[in-house]
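One structure is given below, encoded as structure tokens.
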Amino acid sequence: MIERVKGYKTIILITFLGVALRLIDIARPFSGLYKWNEGHYAVTALNYFRYGLLLPVNEYGVDLTTTPFYTWMVYLSFRIFGPFEWAARLPGLFFAAASIVLVYFITEELYNRRAATIAAFVAASAPGIVYYSRNVQLESPFTAFSLAALLFLLYYRKNGEHRFFLSSALSLSLAVFTKYVAILTLPALLWIWFEKEGRKDGKTENRRLITYLALPLLPAGIWAGLALIISPGLTTWYVSKPEAPWNAATMLFALYSALANYIPQDMGSHYYYPFLIVLPLLLTKMRRHAVMLIYTASWLTLIIAFPTFYLNNSYYHYPMLYGIAVLLGAAVAEVETTLAGREKTRVKSALALVAVIMLVLSVHSYNTVFRSYYTDFSETTEPTPFYSARLVAAQNTGKDFVVTDLPMSMFYLGGDPAQVKLAYTTQGLITATKSERYTYVVPYYMGNYTLKSVLEEHGYTQIAPRAWKKK
């Protein structure tokens, strides 16, 4: 056992590094990039204490548009540790660590251990992966499950053991049940399936394939059916999004933004541009790299299909980042092997220095791009983040009606939609103020002077930098 652990000491150290990087801001308030997601899922988890585990409730009311699997995990973390920001992020952190390990073993299976070490290091340190993998959102768990599905099917391809087939099918089921778009893992999985050495085209193999394709759809399909029955209006709107019709110009702009802005930002330019340099080399051996090329490219489908929403939610490509890490690891290891035949010691020393430089660049990129979003609340407007919302939550023992504009504030106000309503915009807050139905008005963004004048006009007194109470 000890010898086996020693054999994998490198991936253990890299995983510890990845976890350490993700712990840096784990206790930050929900005011970072895509804070809406963090508030939304944290509020859902909080309301399981009130409404039960079978009834996801958030700012939309009863909300079955997404499955409850991830928010159940956040709820469990709240149950054990309390309703803290870091507790909400713990499930994401767990799957982030798992994803680093999965990247290592996928790369080892497809290439070699040296490539696996490089790929895992990239996955552990790329700034966007660090940020999103720890955030309270669905990307970290569903990506980890999709990577597990790949790994187990690769093992099944190699030795034909039934346990790996079942493990892959179960992992894919959990990925799709966590977020429906995980079905985009299928193209890479099907490539592995049909590339399986010694595969027999008999009835047994065909039945297994049908089972493999059908199993992931069952839990997600049942939940989607319940959503359509219980809240058809919200579910239909969530899927169709009629306010953002598809058009070619927006799609092309979204693709350009992804490839030229968002993916370089999330990978870090120091990883992304070397990947672009080695991409032609990878494409010359397309069959060898087919699994990860297909896995990586599949997520562009989301950008093409939902360009408007990608421009507002630029993390849709998140699983691609792991594919890039694997492909970059494979290419660098191949170049290293070519050079190491001549100057083995110098090449290893140079790569160690490059790793240190890459880590420093990743930390710098994370700090300047992602950490900067936590400055939404300056000390000139709030003594501490969400001070006003916390103050109202402490004062409002009579459970008077409160209106706010975003789910992050709703979380700090207690999260119960029976008491706390969301107005979504400054104009919505103005309309709510004029209705005089709410005892407290707690904006996340102060908006414009119109809101303040309307509040004063309708008899509200400012009790905190971002909170007003009806006289």
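Counting only distance, with no hydrogens or angles, the side chain of E382 and the backbone of Y387 share a donor-acceptor pair below 3.5 Å. A donor-acceptor contact shorter than 3.5 Å is absent between the side chain of W223 and the backbone of F177.
A perpendicular orientation is assigned to the rings of Y310 and Y262, their planes being inclined by more than 60° (bins at 30° and 60°). The aromatic rings of F165 and Y156 lie tilted to each other, with the angle between the two planes from 30° to 60°. Aromatic ring orientation, Y318 versus Y322: perpendicular (interplanar angle above 60°, classes split at 30° and 60°). Classification of the Y34-Y315 ring pair by plane angle, with boundaries at 30° and 60°, yields perpendicular. Ring planes of F142 and W299: tilted class, angle from 30 to 60°.
Looking at R28 and E85, no side-chain N of the basic residue comes within less than 4.0 Å of a carboxylate O on the acidic one, giving no salt bridge. The pair K434-E457 does not meet the salt-bridge criterion, since no charged nitrogen lies less than 4.0 angstrom from a carboxylate oxygen.
Residues in residues 70-79 take part in these side-chain hydrogen bond (donor to acceptor under 3.5 Å, both in side chains) pairs, two or more places apart or across chains: Y48-T71, Y75-R79. Applying the salt bridge (charged side-chain N to carboxylate O under 4.0 Å, His left out) definition to pairs two or more places apart or across chains, those involving residues 410-432 are R50-D416.
For the residue pair T15/Y104, the side-chain donor-acceptor check at 3.5 Å is not satisfied. Side chain to side chain, Y155 and S168 fail the donor-acceptor criterion of an N or O pair below 3.5 Å. Using modelled atom types and a 3.5 Å distance limit, the side chains of S31 and Y444 yield no donor-acceptor pair.
Listed by chain and residue number, nothing satisfies the ring-ring contact (aromatic ring centres under 6.0 Å, His included) test with F152 (two or more places apart in sequence, or in another chain).
Surrounding CD1 of I80 are more than 12 heavy atoms belonging to other residues, nucleotides or ligands, all under 6.0 Å away.
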